[in-house]
Amino acid sequence: MKELATIGVAHGEAEVDNLVLKAKEWISKEEARRQPRLDLFGEEREACEREREEVSRVLSQVENILLNGCDLILDRTFDRIGFNRIDDDVFRKLVKARLAYPASKAATVEYLKNHFDDDVDLSKIYRYLDRLSDHQHELVQDISVRHTAKLFGGNIGVLFYDVTSLYFEADYEDELRRTGFSKEGRHSNPQIILGLLVSLGGYPLAYCIHEGNKYEGHTMLPTINAFVSKYGIDDFVVVADSGLMNNSNIAELESQGYKYIIGAKIKNESAEIKRWILSQPKADRQMAEYDKGGGRRLLVGYTDDRARKDAYNREKGIRRLEKAYRRGTLTKDNINKRGYNKFLAMNGEVKVTIDYERIADDARWDGLKGYLTNTAIPMEQVYSAYHNLWHVERAFRIAKSKIEIRPMFHFTRKRIEAHVCICFVALKVYKELERMLRVSGIKMSVDKVLALAKTITTIQIKLPLNRDVYTKTMLMARHQRIAKLFDEDFWVTQ
């Protein structure tokens, strides 16, 4: 026996265990010294260790990680339209936030801070909204019109106009926010009327804001007159729904020399014209024309789909009325309620009954739709142009559901106008991105593209020697469907 080393002296069980571990470690090292083992993978092991150290060193230099995939796409689209003419960083951020994270201004502040380390003060945003001038409104419309005209080869051609109501979460009115007929059933909430002028395809051109109790038909002509005067447009057709038009509006359109296609209220026509309409054979997708004189043409079309829909809606309304009648709850109050109250008749002062003769007469009009125009274009083109009104209706749906233009929580006219201006630009960016996805063959909706882009990150690494910041946008396998949107060449060639 020969003592090679003394590990230590223990004074308790815990110290004994510790010394045993140290002794085993000493024995292992001594055996390796006396009989070195052949390490066939030593170089590979060292390379792996150096790799780990290198990665650790690089990661230690990461300065920032941004969840900015959505932001990069919207920035490119914003610039492509031409809104970068507006040298205003706050405006750009507010527009992109309406598309990426539509919320209140307070929530927008948190979004900018959490995603981009952008510490924008809420009071600063409110002061900014107060300063956003009418000139900004005119400038964004000018940029939008010029970009849209370029898409159509310089000739916009058809102007679609419609209005909607935007309500406020408030209990009192002022000169702008007034209670009126709400398209969303919020009749007790103050609201404003928003008029929107779009081109074929639903690209926004101009907008106007009016008091919440203003008649919709009085909003269209001032908007069109201002638009035509500013851009010198002389060859166009105005398309609008019948709810916006009355005889005085039509006469004013004609006095201005405007061509129009509007929905006709065929049940309000003269007895002679109504007899002619009902005498026409009802063949699916067939149209007939009646010359009203003075260059006016009344076109009446019939479709089986519309007939089925009209019959279904009427039967549904009648069942509701009959149910109320059997319960004894059908009173003259129903006359003033929405629904099929036109089928109710008042007998004396108190008794209300269902008029089945009116129901039978109403059924004769199932499937019929009228169009009034002073153009000379063929009937098929009139039909097609009018039914493209869905573009402006869809634009309103995008503004309400995707951009969340309402409900509004602003209380001053300047802030309301600034909020609508920001949402108008966001709508234009949405539509342009939608167009680019279509022409580039990316078969995804704008909403799905933006949702996927929100998972894309950009890493910023500070290089310690030359002190530059290296930036890399990280595209994973799941992002390949939209990878071309992050290619510089894509935005040049499209």
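Remember, predicted model here, so these are calculated numbers, not experimental data. In what follows, residues are counted from 1 in the order of the sequence shown.
- Under a 4.0 Å N-O distance rule, the pair Arg314/Asp310 does not qualify as a salt bridge.
- Using a 4.0 Å cut-off between a side-chain N of Lys or Arg and a carboxylate O of Asp or Glu, Asp305 and Arg308 qualify as a salt bridge.
- Ion pair Glu380/Arg285 not flagged as a salt bridge, since none of the NZ, NE, NH1 or NH2 atoms sits closer than 4.0 Å to an Asp/Glu carboxylate oxygen.
- The main-chain N or O of Asp162 is never found under 3.5 Å from a side-chain atom of Asp241 such that the two would form a donor-acceptor pair.
- Scanning both residues, Tyr161 and Gly195, for their nearest heavy atoms gives OH-CA, 3.5 Å.
- A donor-acceptor pair under 3.5 Å is formed between the side chain of Asn374 and the backbone N or O of Tyr260.
- Comment: Asp71 does not engage Arg92 in a salt bridge, judged by the lack of any side-chain N to carboxylate O separation of less than 4.0 angstrom.
- When atom types are taken as modelled, the side chain of His147 and the backbone of Ser144 share no donor-acceptor pair closer than 3.5 angstrom.
- Relative to the ring axis of Tyr203, Lys431 places its NZ or CZ within 45° and under 6.0 Å from the centre.
- Interatomic distance, CD1 of Ile398 versus CG of Asp447, reported as 8.0 Å (0.5 Å rounding).
- With respect to Asp174 and Arg177, a salt bridge is recorded, a charged nitrogen being found less than 4.0 Å from a carboxylate O.
- Residues meeting the side chain to side chain contact (heavy atoms under 4.5 Å, CB included) test with Cys70, sequence neighbours left out: Leu74, Ala100, Leu450, Ala453, Lys454.
- Arg85 contributes atom CZ, which lies 4.5 Å from atom CD1 of Ile143 (distance to the nearest 0.5 angstrom).
- Using bins of under 30°, 30° to 60° and over 60° for the plane-to-plane angle, the ring pair Tyr172/Phe411 lands in the parallel bin.
- Between the CG atom of Asp366 and the CG atom of Asn313 there is a distance of 9.5 Å, given to the nearest 0.5 Å.
- Between the side chain of Arg297 and the backbone N or O of Thr373 there is no donor-acceptor pair closer than 3.5 Å.
- For Asp142 (side chain) and Glu138 (main-chain N/O), no donor-acceptor pair under 3.5 Å exists by modelled atom type.
- Nearest approach of Leu205 to Val198, heavy atoms of both residues: CD1-C, 3.7 Å.
- Aromatic ring pairs are classed by plane angle as parallel below 30°, tilted from 30° to 60° and perpendicular above 60°; the pair Phe236 and Tyr258 is tilted.
- With Ser229 contributing its side chain and Ala226 its backbone, the two residues share no donor-acceptor pair below 3.5 Å.
- Residues that satisfy the side-chain hydrogen bond (donor to acceptor under 3.5 Å, both in side chains) test with Glu216, not counting sequence neighbours, are Lys183.
- Summarising the local packing, CG of Asp87 is surrounded by 12 or fewer heavy atoms from other residues, nucleotides or ligands at distances under 6.0 Å.
- Under the rule for a side-chain hydrogen bond (donor to acceptor under 3.5 Å, both in side chains), the partners of Arg394 that lie at least two apart in sequence or sit in another chain are Glu434.
- Ring to ring, His419 and Phe409 are not that close: their centroids are 6.0 angstrom or more apart.
- Trp491 places a side-chain N or O within 3.5 Å of a backbone atom of Leu485 that can act as its donor or acceptor partner.
- Contact detail for Phe152 and Leu200: the closest heavy-atom pair is CZ-O, 2.9 Å.
- Atom-to-atom distance recorded for Phe486:CZ and Thr458:OG1 is 8.0 Å, nearest 0.5 angstrom.
- With respect to Lys259 and Asp235, no salt bridge is recorded, no charged nitrogen being found less than 4.0 Å from a carboxylate O.
- Judged purely by atom type and a 3.5 angstrom limit, Asn189 uses its side chain to pair as donor or acceptor with the backbone of Phe168.
- Note: His218 and Tyr215 have perpendicular aromatic rings, judged against thresholds of 30 and 60 degrees for the angle between ring planes.
- Around the CG atom of Asp468, the shell of radius 6.0 Å holds more than 12 heavy atoms that belong to other residues, nucleotides or ligands.
- Ion pairing between a basic and an acidic side chain is recognised when a charged N comes within 4.0 Å of a carboxylate O; Arg435 and Glu432 show such pairing.
- Taking CG of Leu176 as the start and NE2 of His210 as the end, the distance is 10.5 Å to the nearest 0.5 Å.
- For Arg481, there are no side-chain hydrogen bond (donor to acceptor under 3.5 Å, both in side chains) partners, not counting sequence neighbours.
- The side-chain hydrogen bond (donor to acceptor under 3.5 Å, both in side chains) search around Glu252 returns none, not counting sequence neighbours.
- We find the CG-CD1 distance between Leu244 and Ile262 to be 9.5 Å, quoted to the nearest 0.5 Å.
- A salt bridge links Lys267 with Asp362: the closest approach of a Lys/Arg side-chain nitrogen to an acidic carboxylate oxygen falls below 4.0 angstrom.
- Nearest approach of Lys400 to Arg406, heavy atoms of both residues: O-NH1, 3.5 Å.
- For the pair Glu173 and Arg178, the salt-bridge criterion is met [side-chain N within less than 4.0 Å of a carboxylate O].
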Between Gln141 and Phe424, is a side chain to side chain contact (heavy atoms under 4.5 Å, CB included) present by the stated rule, with each step listed? CA-CA 9 Å; Gln141 287 190 167; Phe424 175 83; 4.3 Å; yes
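- Residues passing the side chain to side chain contact (heavy atoms under 4.5 Å, CB included) test with Ala103 are Tyr101, Ala107, sequence neighbours excluded.
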Given salt bridge (Lys or Arg N to Asp or Glu O under 4.0 Å), test Lys414 with Glu417 step by step and report yes or no. CA-CA 5 Å; Lys414 281 186 174 294; Glu417 291 173 347; over 6 Å; no
